[in-house]
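Quick notes on the structure that follows.
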Amino acid sequence: MLELGIIASGSGSNAQAILDAVASGRLAARVRVVISNRPDAGVLERARKSKIPAVCLDHKDYSTRNIFDTALVATLKEHGVDTVALAGFMRMVTPVLLDAFPGRVLNIHPALLPAFPGTHGVADAHTYGVKLAGCTVHFVDAIMDHGPVIIQAAMPVLTDESVEALQARILETCEHRVYVQALQWLAENRLSTHHRTVHLAPADKPHLTVPNALFSPPLEI
Ligand code: GRF
């Protein structure tokens, strides 16, 4: 069972997918707290609706990243968190956070890393003219969008698809599924990392197939 803290800056559709998966029993986790660095972030309202503690730590109130991350760690620890899911958190994290939760900070990025890291992953991939788009869930290290890859989901870009439509489809078709899957694998203690490669220990579960997406490894929930 994961004791999960979610940190997000935006609307929080990934956070919602995690909350829904916990509520329906697909993810063995308790969401202990949702933290945002933006007072007006939709994710805080989503947390309140689910009766989860919702905390705003406005980064503008902290003079350095280290001091901000110290406050993040204190809030996460106060709520009994052992695993941190960054879900659209638009700030670099520091070793202050990473060292407090070694090997237990995850992030989702809306592109097939190492292609198109950074804050405009979908737009950059769209402008580049890629034929496959998707997302990556990875362990977080001190470099942006860089840590070991847990799972990636890919799907074809449609002819004449706008960047907004592509972004929405990546969220719904890929992100909301694979983040829950990666967290469930962590909850089952099946992930191990050697150098940069994350291995998944087998389990006696049938693989589900997911329409319109190529998953590697296949989804199991
Ligand atoms: C997602 O595309 C995520 O991959 C990226 O930020 C976006 C957050 O979306 N890091 P949401 O707030 O979860 O809807």
Side-chain angles (χ1 to χ4, degrees), residues 4-23 26-27 29 31 33-50 52 54-59 72 83-93 97-98 105-128 130 132-155 157 161-183 210 213 215 219:
L4 205 55
I6 300 175
I7 310 181
S9 301
S11 99
S13 69
N14 277 290
Q16 188 68 57
I18 292 168
L19 290 168
D20 292 347
V22 170
R26 285 175 293 128
L27 174 57
V31 180
V33 64
V34 171
I35 304 175
S36 182
N37 61 314
R38 293 188 186 278
D40 56 350
V43 72
L44 292 173
E45 190 49 34
R46 292 183 192 268
R48 287 185 205 107
K49 278 199 183 125
S50 294
I52 307 287
V55 176
C56 176
L57 297 176
D58 190 336
H59 62 272
L72 277 181
T83 303
V84 179
L86 307 182
F89 181 48
M90 307 307 275
R91 310 274 308 163
M92 281 296 293
V93 297
L97 178 76
L98 300 176
V105 183
L106 280 67
N107 182 46
I108 187 157
H109 180 73
L112 296 167
L113 293 172
F116 312 114
T119 47
H120 306 293
V122 179
D124 292 345
H126 186 269
T127 303
Y128 194 87
V130 299
L132 284 175
C135 72
T136 305
V137 180
H138 63 94
F139 288 113
V140 175
D141 65 13
I143 303 171
M144 185 170 57
D145 299 328
H146 174 268
V149 172
I150 300 170
I151 183 170
Q152 293 183 301
M155 59 177 212
V157 178
E161 186 167 30
S162 69
V163 66
E164 293 80 15
L166 178 62
Q167 189 152 22
R169 222 157 49 82
I170 290 172
L171 274 170
E172 197 182 319
T173 310
C174 298
E175 295 194 46
H176 297 164
R177 298 172 188 220
V178 293
Y179 213 173
V180 169
Q181 176 71 86
L183 289 164
V210 181
F215 288 89
L219 288 184

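All ligand and atom numbering here is 1-based and tracks the order in the structure.
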Item checked: Intermediate values then yes/no, side-chain contact (heavy atoms from CB on, under 4.5 Å), Leu44 and Cys56 -> CA-CA 8 Å; Leu44 292 173; Cys56 176; 4.0 Å; yes
Next item on the list: Determine, stepwise, if the pair Phe139 / Leu106 fulfils side-chain contact (heavy atoms from CB on, under 4.5 Å).
Entry: CA-CA 5 Å; Phe139 288 113; Leu106 280 67; 3.8 Å; yes
Item checked: Sub-4.0 Å heavy-atom contact, Ser11 with ligand 1 -> yes
Margin query: Regarding ligand 1, does Ile108 bring an N or O atom to under 3.5 Å of one of the ligand's N or O atoms?
Written below: yes
Next item on the list: State the atoms of ligand 1, each with its element, that fall below the 4.0 Å cut-off from a heavy-atom position in Pro110.
Entry: 2 (O), 4 (O), 5 (C)
Next item on the list: Compare all side-chain heavy atoms of Ser13 with those of Arg46 and state whether any distance is below 4.5 angstrom.
Entry: yes
Note to self: Check this for me: Glu172, atom CD, are more than 12 non-hydrogen atoms of other residues, nucleotides or ligands nearer than 6.0 Å?
What the structure shows: no
Check: Quick one: does Ala8 get within less than 4.0 Å of ligand 1, heavy atoms only?
Finding: no
Note to self: Counting non-hydrogen protein atoms only, what is the nearest one to atom 12 (O) of ligand 1? Give residue, atom name and distance.
What the structure shows: Gly12 N, 2.8 Å
Notebook entry, point to check: Can you list the steps and then say if Leu171 with Asn14 is a side-chain contact (heavy atoms from CB on, under 4.5 Å)?
Noted result: CA-CA 8 Å; Leu171 274 170; Asn14 277 290; 3.6 Å; yes
Note to self: Does ligand 1 come near enough to Ala15 that some N or O of the ligand is less than 3.5 Å from an N or O of the residue?
What the structure shows: no
Item checked: Under 4.0 Å to a heavy atom of Ser13 - the qualifying atoms of ligand 1, by number -> 11 (P), 12 (O), 13 (O), 14 (O)
Check: Quick one: nearest non-hydrogen protein atom to atom 6 (O) of ligand 1, plus distance?
Finding: Gly88 CA, 3.3 Å
Item checked: Shortest non-hydrogen contact from Tyr179 toward Leu86 -> OH-O, 2.7 Å
Notebook entry, point to check: In the protein, what heavy atom is nearest to atom 1 (C) of ligand 1, and what distance, to one decimal place, separates them?
Noted result: Glu175 OE1, 3.1 Å
Item checked: atom 13 (O) of ligand 1 [closest protein heavy-atom partner, distance rounded to 0.1 Å] -> Asn14 N, 2.9 Å
Item checked: Distance (rounded to the nearest 0.5 Å) between Asp145 CG and Thr136 OG1 -> 8.5 Å
